[in-house]
Amino acid sequence: MSGLIQGPAIDVRGITRVYKAKPKDVTALAGIDLEVVPGEFFGLLGPNGAGKTTLIKILTTLLLPSAGTARIFGFDVARETKQIRRIMNMVAGGEQSGYGILEAREQLWMFSQFYGLGAREGWRRVDELIDAVGLGEQRHQRVSTLSTGQRQKMNFARGLLNDPWVFFLDEPTLGLDVSAARSVRELMISWRAAVPGRTILLTTHYMAEADELCERIAIVDRGRILAIGSPAELKRRVQRESIFRLELDRLSGGPAGLARLPGVVSAVAATDSPADPNRSARQTVVVNLVLREDSALAGVVAALDGLGAHIVALAKSEPSLEDVFVELVGRGFDDSEDTGGTDQFPIEPHEAGQPDPEEQL
Amino acid sequence: MIDRGVLRSHRFDPARASGRGTIDVLRSFRTAASLGWKMEANWTDPVLFFIYSVAKPVASALILVFMLQVIAGPAGIALRPFVIVGSALWSFVVSGVAGLAWAVLDDRERYRMLKYIYVSPSSFITILLGRGIARLAVGAMGAGITLAVGVLVLGVPFDLVAVDWPLLGIVLVLGVITISALGVVMAAVCLQTRQESWDYPEVVVGALFLVVGAVFPLSVLPVPLQVLGLISPLTWWIAGVRLALFQGGPSSIGGPGSLWQQLSGELNPTSVQVAAALLLTGAVVTLVSAVLFRAGEARAKDRGLIDRTTGS
């Protein structure tokens, strides 16, 4: 082959995968179409059993599709496996993999040889990656003595040995503690940002993780893609009004006065207490404000000024990807038929959907 | 929205998808063999590893020799070279056949690394063969020491000058290839099976033990089993090594009333006949093993078995 290839990094057309089983066959993928452009951070979001891992297995040449075609940079996953394996790599989470008897550095060097690096080049690359993933102190430790998080970092280093153009990450933070999961996410982000064109396909059932990392997300359930778009686009599908949470030092006449302003759909006093107990002590008033559109907020602010009320805090409430999933599927992730793992996203509390303090006025 | 300009401006150089052919294959084989050796030898200290590696074959050989002594009395002494060689080589066969199959099971069930090995650009079978070679080396060590014990301790007469070195070289090379081919078949089987299949290689090798003339001649077997023995390359390999090391000793293939004598009209096969038969049967087994492995790998990939761990 000569010349340069233009086109999608990942191109999936009508992929179907049926597993033979008793008493009846199981359809893991039911005609998936997907296109990921070079340089994109793309997420497959869905509950356990949605078909995400099956799709990754097909794309990484571990599994054949029952029907349809899939190409990685133009190479067919069923026929051109050697070419694909040189330009992609994969890391899976939730497993204790590794040759326990080898040192971390030895195991990585072994894989560098399987990826065709020369002996010296392999050692150099291994040492670079060990430092890059923060395993410098563990480089001579046996794999069996590494913690789960350290093993996953080593797994990432292995996945980066061949400097892949497409990096498949199958639930990479599954089973990791908060700190290790954060390290892994930072690795993903920094690796992709370092060179334009590097592509990541991430599967996860952690919605906050998909929201944080992915430029586009495909929501998958029962072998089908239900929606594709950026997190903001997907959320807009279910958000028809703008919702704000407004905390005021006082509000004479109550929220009913605000409800009569132009563009305001509703204004009701919040039933919950302010998160900050000091504010509670100051007797603030919290109002949940629903506007037809964001621009109506200016009128509300002007009206409050006229009433002598001062805004203590203002936060815009956005629907979560779970809201999108519920809208599309009619049930939540936790209601899935096959929930083998935890849905607890390993992040710090301020990351877990709570309003970022910096966004508050 | 994704900037579609990225798609237009990005260039992927397909040259990155090309490998370096034989150099990559050799590098992968060497690395896999090194990994296999570390897995075989690094689990304990060298002294314990040595004892473990040689104790079993030496003990097996001694048991057979003393049984022969009890049954045949002084006449059994003449048969010692026959039994020692067969027993020593058999431990080598077990190591070789089991090595590749256990590499599959180890990597899939214990280390959970098979999928990462599989999606690397290296040839899968090359890596398995590399892993298998390490176990063959351990088997060879056990076989060599068993032979040494036979000569030094049990008084088996051995003359270095009388050894047919060309024949020994030929049959050893062909034997390693054939044993590896059988290992490839067992690896293909273990790709399909559950983790309980650790014993499969030993079961298969144990069944072959009956018909290949390892510790008794084929002529004592019923004709159908003698036929099985004559089409097995292991029979010719063991006979070839015996012939090379102890010329003029009893043959496991021929002898009065043997099927070989009925078919060929000769009492025992010559060196050339043994080498030719080993080449022919070994080539058939090697070709069949390649086909079976390819089919087994395709089936495993189709059914999603490559990375499917079956343990608890």
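In the text below, chain A, chain B and the rest are named by the order of the sequence lines, each starting its count at 1.
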Which bit of [X] is near chain B, if near means a heavy-atom gap under 4.5 Å: side chain, backbone, both or neither?
X: A:Gln113; value: both
X: A:Ser66; value: neither
X: A:Tyr99; value: both
X: A:Ile228; value: neither
X: A:Ala232; value: neither
X: A:Asn162; value: backbone
X: A:Gln107; value: side chain

*Candidates B:Ile179, B:Leu136, B:Leu234 - the one meeting side chain to side chain contact (heavy atoms under 4.5 Å, CB included) with B:Val97*: B:Ile179
*Could you list which of residues 113-127 of chain B have a heavy atom closer than 4.5 Å to any heavy atom of chain A, in residue-number order?*
B:Met113, B:Lys115, B:Tyr116, B:Ile117, B:Tyr118, B:Val119, B:Ser120, B:Pro121, B:Ser122, B:Ser123, B:Ile127
*Run the salt bridge (Lys or Arg N to Asp or Glu O under 4.0 Å) check on A:Lys52 and A:Glu171 step by step: do they pass?*
CA-CA 9 Å; A:Lys52 310 181 299 289; A:Glu171 307 267 10; 3.6 Å; yes
*List in chain and number order the residues that pass salt bridge (Lys or Arg N to Asp or Glu O under 4.0 Å) with A:Arg85, two or more places apart in sequence or in another chain; answer none if no residue qualifies.*
none
Indicate yes or no: at least one non-hydrogen side-chain atom of [X] is less than 4.5 angstrom from one of [Y].
X: A:Arg124; Y: A:Leu117; answer: no
X: B:Met186; Y: B:Leu100; answer: no
X: B:Pro201; Y: B:Val204; answer: no
X: A:Gln152; Y: A:Asn155; answer: yes

*Going by the side-chain hydrogen bond (donor to acceptor under 3.5 Å, both in side chains) test, which pairs reach into residues 89-106 of chain B, not counting sequence neighbours?*
B:Asp106-B:Arg110
*Pair listing, side-chain hydrogen bond (donor to acceptor under 3.5 Å, both in side chains) test, anchored in residues 172-183 of chain B, at least two apart*: none
*With a 4.5 Å cut-off on heavy-atom pairs, point out which of A:Leu62, A:Thr54, A:Ile84, A:Ile58 contacts chain B the most.*
A:Leu62
*Which one of A:Ala92, A:Gly229, A:Ala78, A:Pro65 has the most heavy-atom pairs closer than 4.5 Å to chain B?*
A:Ala92
_Under 4.5 Å from any heavy atom of chain A, what part of B:Arg303 do you find: side chain, backbone, both or neither?_
backbone
*Between B:Asp24 and chain A, which part of the residue has a heavy atom less than 4.5 Å away: side chain, backbone, both or neither?*
side chain
_Residues, nucleotides or ligands: over 12 heavy atoms within 6.0 Å of B:Arg294 CZ_ = no
*Considering non-hydrogen atoms only, spot the tightest contact between A:Met90 and A:Arg158 and give its length.*
O-NH2, 2.7 Å
